Amino acid sequence: MPGAGTGRLVRRIAWQLRLVFLFAALAVLPYLLSYSQQEIAVLLVINVLLVSSYRLLTLTGEWSLGHVVIMGVGAYASALLAKRLGVPVPISLLLGGGIAAATAAVLSFPLFRMKGFYFLIGSFAAGEIIRLIWKRFTEPFGGPKGLKRIDAFPDIDIGFLSIDFYEPVNYYFLALIVVSASLFVLYRIERSRIGLTFHAIHWQDRLAESVGIDTFRYRTLAFVIASFFAGIAGGLYAHYVGAVNPTRFGVDQMVYVLVWAIVGGTATFHGPILGVVVLTVINEIVLRALGLDTARPLIYGAILILSVLYLPKGLESLVPRVRERVRRWRSGPAATGEGAG
Amino acid sequence: MNAEGERPILEARGLTRRFGGLVAVDNFSFSVREGAIHGLIGPNGAGKTTTFNVISGFYAPTAGQVFFRGLDISGRKTSTLAAMGLVRTFQGSTLFQEFSVLDNVRVGRHLGARARFLSRLLGTDRSSEREADAKALATLAFFGLEDLADEPVSNLPHGHQRMLGMAVALAAEPRVMLLDEPFTGMNPEETRRMMALVRRIRDRGVTVMLVEHDMQAVMNLCDVITVMNFGALLVEGIPEVVRNDPAVIEAYLGSAAANGVNDAA
Amino acid sequence: MSRKSLDRKISRRKFLGTSAASGAALAAMSTGLSRVSFADSHTIKIGFLAPLTGPVAAWGKPGLDGCLIWADWVNSKGGVNIGGQSYNVEFIGYDNEYDAAKARTGATKLIKEDGVKFVMMLGGDTWPGVQEIAAREGMLFSTLLPSDLSPDSTTLLAPCEVHPIYNVTGVEWLAENKPDLKTAAMCAQDDSLGKPSVATYLAAFEAAGIEMVDEPLFFDPATTDFAPVMTRLLSANPDILCLDTCYADYVHPLCEQAFQQGYQGQIISCTADFYQKIIEKTSEEFMEGFIFQFPDFDDPALNSEGVNFVNPNEFYAEYAKRYGASEWSAVSWEYASIMDLWADAASSAGSAEPAAVLEAMKADGTGKHAFGTADWWGTELFGIDNALVGNWPVVVIEGGKATIKDFRSIPAWWDQHKDLMIKHMTDLGQMWNQRG
Amino acid sequence: MDLLWQTAVNATYAASYMALIAVGLVMIFGVMGVINFAHGELYMVGAYCVVFLYAQENFPFLLAVAAGLIFVGLVGLVMERTLFRPLRDNPLGGLIASIGFLLILQTLAVFGFGRRMGHVPPWTQGKFEVFGAILTYQRLFVIAAAIVLLGALWAFLKRSKFGRALRACAQDAEAASLQGISMNQTARIAMFIGAALAGVAGALTAPLVSPTPYIGHSIIVTAFIIIIVGGVGSLEGAVIAAVLYAFVHTFVTTFFDGVVANIVGLALMLAVLVVRPTGLFGAKERA
């Protein structure tokens, strides 16, 4: 982090250039995709937020099996606020995130009495209880069928500009903006002292305690922030697809999130994002295109096993290797001192 | 510095800690004078580490109380104690191995670098962070580690890691530091340097209490020594007295013969 | 128009029987016609958007299998005649994994990229994801679950199965033929299939003067051990045991439990897929008289006048040959029967365009349902008359074999008892205007 | 028919097969430190062994059950060798690998037996009455087999050298290896026994449930609840928790309904976790 002023400036500009390039690519991307691939891209962007928020939670070393249910809390809350109380969708989306965060805050009291495996299973139990409540109480949650006809994002129509958010391209950009902003916040948190504290709790929670870090408070903080953004992801999902039901937020879906994060690697900010992008492309586009519908779970399972066996640090561990290759291939005096991403 | 010599800064009264049927600490009392270097010794399994863990808040005592600056702190959380000025170190090289040297000390500065959540997000915590970094660097300089600030901890030789452990604790600006076996596994030269450091820490106004096996070091360094055996107080006094106490000699010889029970760790 | 009405008079069976000949003739003629569009591949694509993997696949995959037989038969006879041109039919499957978002993506792909003219779905959890695109594209969809119907979607049809309304026919038949049975107990899995079905049975029992001895017992869909459920049901000593619309993997152990716990009374259920296996688990005597709603298609009664499903016995034989008799289930024939309806409508409309086909299908308010001409119906229950409702078979196990005892009219029951049905549906929150 | 006694009989049966599954899961977790998410699928494979050997190939039922026990044990050995051993230092990796393995087993079952439920005819329809409750021989056999198997396991762990090694590894892998206990050998035995117990539970209950390729999902959720209530490291705890859970769940299902029973089960687990974060019989907190 410290370094000579000019070196830092150069690196910063290089970084910003890369970011500009990335956003340009993301802006062009939908126009290179078929219509149904654009739809997949929308869900992918939402899942990027889901898995990135999950990583923030894992920074303190705790792995939850309830994150998708928390996403569902955001989805149900935002949907109900919009449907029943007529709250404008952009506001209900934020409130949905807030309610997801509040739910996490309440859950943290029983859950953070536990650690490790117990937390994993405890979070699973808490999530299942929430899901059973959705199923059990038809009013207002719609029971097993869930909620339908959830208000869509309001169209924008101001004369020269009219945007219909049903179109996947438009929703893609909307989601991209929301998710980028959220990722920026998540990134800032990790890069700030709060992130340092999370890491410290993860690696040596007793040492952290001994210098005055209230590990319960910080674990709760990570859980609450992660849940807020999971809730936002849920709201984005609900107002896009127009329907939510308890099955959608079941443990199967949670397994996907876990797998994205781990196959991607959780040591870096970009690892889980890499995981969700690569696995979604493989699962939704490559395997479907190969017509392997019924064998899809088998291949997916094999990919999982091979990746944990041979890429234990996740796909992210390939990034420096690829960079090195590219650098050697360029064989030029490339910039030194790559940051850790 | 020893002006308040009358009133102990840290005191245990009738401290007891049980694990199931095992009594690790048994009605144990001691008191640490402000500004002292206070040793806690005893044969293997005497309950030293458990005592440390109870004082530093990892375990609640089963019975008895701990007083810090006159306040009953029994059962309070470790982080609360740290905020009050009671900070401990750990055996071996318990550090944030994945962090750089400087980041380790920055974590130690946790209490001294407060800022609001929003200002952390917006980056307006920079002034307090800069101050924290400066203090962290100063702490490193105190231990002569400033040149290694950006090294990953895992690259550091063992002796340096031990010093860094103390630097992390010192960065939290404690009134009392509890050192858990600071000299174990060190060669005589390293031990000598470490002893000098402990004295310098004391000279900064920090009271030191330490658990240690190295008798030589303890006898040379400590102002007062408490000896415990089977979880209870055996003898307390200045090194000369303790050294020649027959009960202490007996305890150590006895334990060498019956070397069965481990510390409750 | 005159041509259209002429076509309508040709029955499904005749149409298929003659289509081979007429197809060949038309093909010969078409070479001389100027209207031939070479860009047209003479193939019409139909989307099949249902779960093909995962636990719900049993409600999708066998249907696709049935459709493949349908397509082979129709194509081997020259295809479907639309506007004087013969078209082969090709099914494009998309596995929606019973997920609304994936169904949305699948619908988009099928409509925008594959150019399908009609999409068949299982419906349920997946329909809400598709609803909007169906409206925007004006695409014709079918579902097996009429609880998906609502006035918001005019292009969604439930043209085959009007689950669970047809269950009233079984109860009505039971009450008529075994009038001494007066009490019933019922269980159902707690999901979107179980609840409306419970409401239907409650209404049907009340209409028949049969009294419920206990509240309906809901169990979790993840249940594997049904002993406690059956113990509870039997504790009230009912004359009739109603298994509602339980899935096969519940019906079997439920029956076995009833048998083992000494039950000897009447059982009624919506389905009894693989009932031969239930008999193996219990006994022929125990299963004698078991009432349900889904016939085997080798049943000679299906050859009776009025049944519109094409060659049901042959279809069953072919299905058994290709996939094994043990794979036959209620879903196997349903999608294929929807295709009969569609092909008929497309022929009479002279167009495969969704709007034209829809108009032709509903032209005079009736349609050729698999089990006989039926009415487009459902305004009171679904808010729109897009469900094709007419006769439905009552099937009873006799001598270890499913036997159609009767075809009964659902509308006739409805006209008499609709207040009851609406009351119970409302109580369980299943009316179209109560849903989500 | 006496409702109370019948429910008690139902609960006893449920407790017996749940105990087999949960003890297997605890065993694997204790020695390998891995949460075997594929445990439900091991149950499923055991059930399909009976579908194949007994229902399709007409081998005697007992032989099919024994084959299920051994075959699933061997599957466990394969998992140990190919997944858990290379991932020994990576418990989360082990979890993910077991999820991958679960998907493979599910798909293979679909390929081999179709997505529909497998069918197993009863091997006997005999039954008798106790206190007005009906107990079929099929269910009695499951109960008896569970008692015999768990008793044998208990004796094995108490008496044999391997048993002591297993217990030592379960308590402290490092200490065990210092005492010269082969970690690999112990892991193999634990994995074989753990998997075989799930497999034999599947095989024994195959005639009584409708085995589908996806049945593992229902099984694993219940197994998790049980081992949490019992305390993850404790074999005795798993048995006691299985009995406790089975009775609570069965009685609530019978006297209220099944969905409430699930909520009660989960709430029980959460309550235990809150009061005793290491489960009712879990290891004491160690420094």
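Chain letters run A, B, ... following the sequence lines, proteins first and then strands; every chain starts at 1. Computed from a prediction, not measured in an experiment: that's the story for all the values here.
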### Query
So which bits of residues 100-107 of chain D come within less than 4.5 Å of chain A, counting non-hydrogen atoms only?
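The stretch touches chain A at Gly100(D), Phe101(D), Leu103(D), Ile104(D), Thr107(D).
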Contacting region of [X] [heavy-atom separation from chain A under 4.5 Å]:
X	result
Ile225(D)	neither
Thr82(D)	backbone
Leu83(D)	both
Val275(D)	backbone
Asp89(D)	neither

Heavy-atom count check: over 12 atoms from other residues, nucleotides or ligands less than 6.0 Å from [X] [atom1]?
X	atom1	value
Phe255(D)	CZ	yes
Phe111(D)	CZ	yes
Phe119(A)	CZ	yes

Distance, nearest 0.5 Å, that separates [atom1] of [X] from [atom2] of [Y]:
X	Y	atom1	atom2	result
Leu258(A)	Ile96(D)	CG	CD1	4.0 Å
Leu132(A)	Ile263(D)	CG	CD1	5.0 Å
Phe124(A)	Ile228(D)	CZ	CD1	10.0 Å
Leu65(A)	Ile35(D)	CG	CD1	7.5 Å

Determine the option with the most heavy-atom pairs under 4.5 angstrom with chain D, choosing from [options].
options	result
Leu304(A), Ile305(A), Leu306(A)	Ile305(A)
Val308(A), Leu298(A), Val259(A)	Leu298(A)
Ile303(A), Leu309(A), Ile299(A), Val263(A)	Leu309(A)

### Message
Between Val255(A) and Phe37(D), is there a side-chain heavy-atom distance shorter than 4.5 Å?
### Response
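Contact flag for Phe37(D)/Val255(A) side chains = yes.
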### Task
Measure the shortest side-chain to side-chain distance between Val251(A) and His217(D) over non-hydrogen atoms and say whether it is less than 4.5 angstrom.
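Yes, at least one pair of side-chain atoms sits under 4.5 Å.
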### Query
Checking Arg136(A) against chain D: side chain, backbone, both or neither under 4.5 Å from a heavy atom?
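Just its side chain gets close to chain D.
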### Query
Where do Met269(D) and Ile121(A) land on the side-chain contact (heavy atoms from CB on, under 4.5 Å) test, with the steps shown first?
CA-CA 9 Å; Met269(D) 161 167 140; Ile121(A) 297 293; 3.3 Å; yes
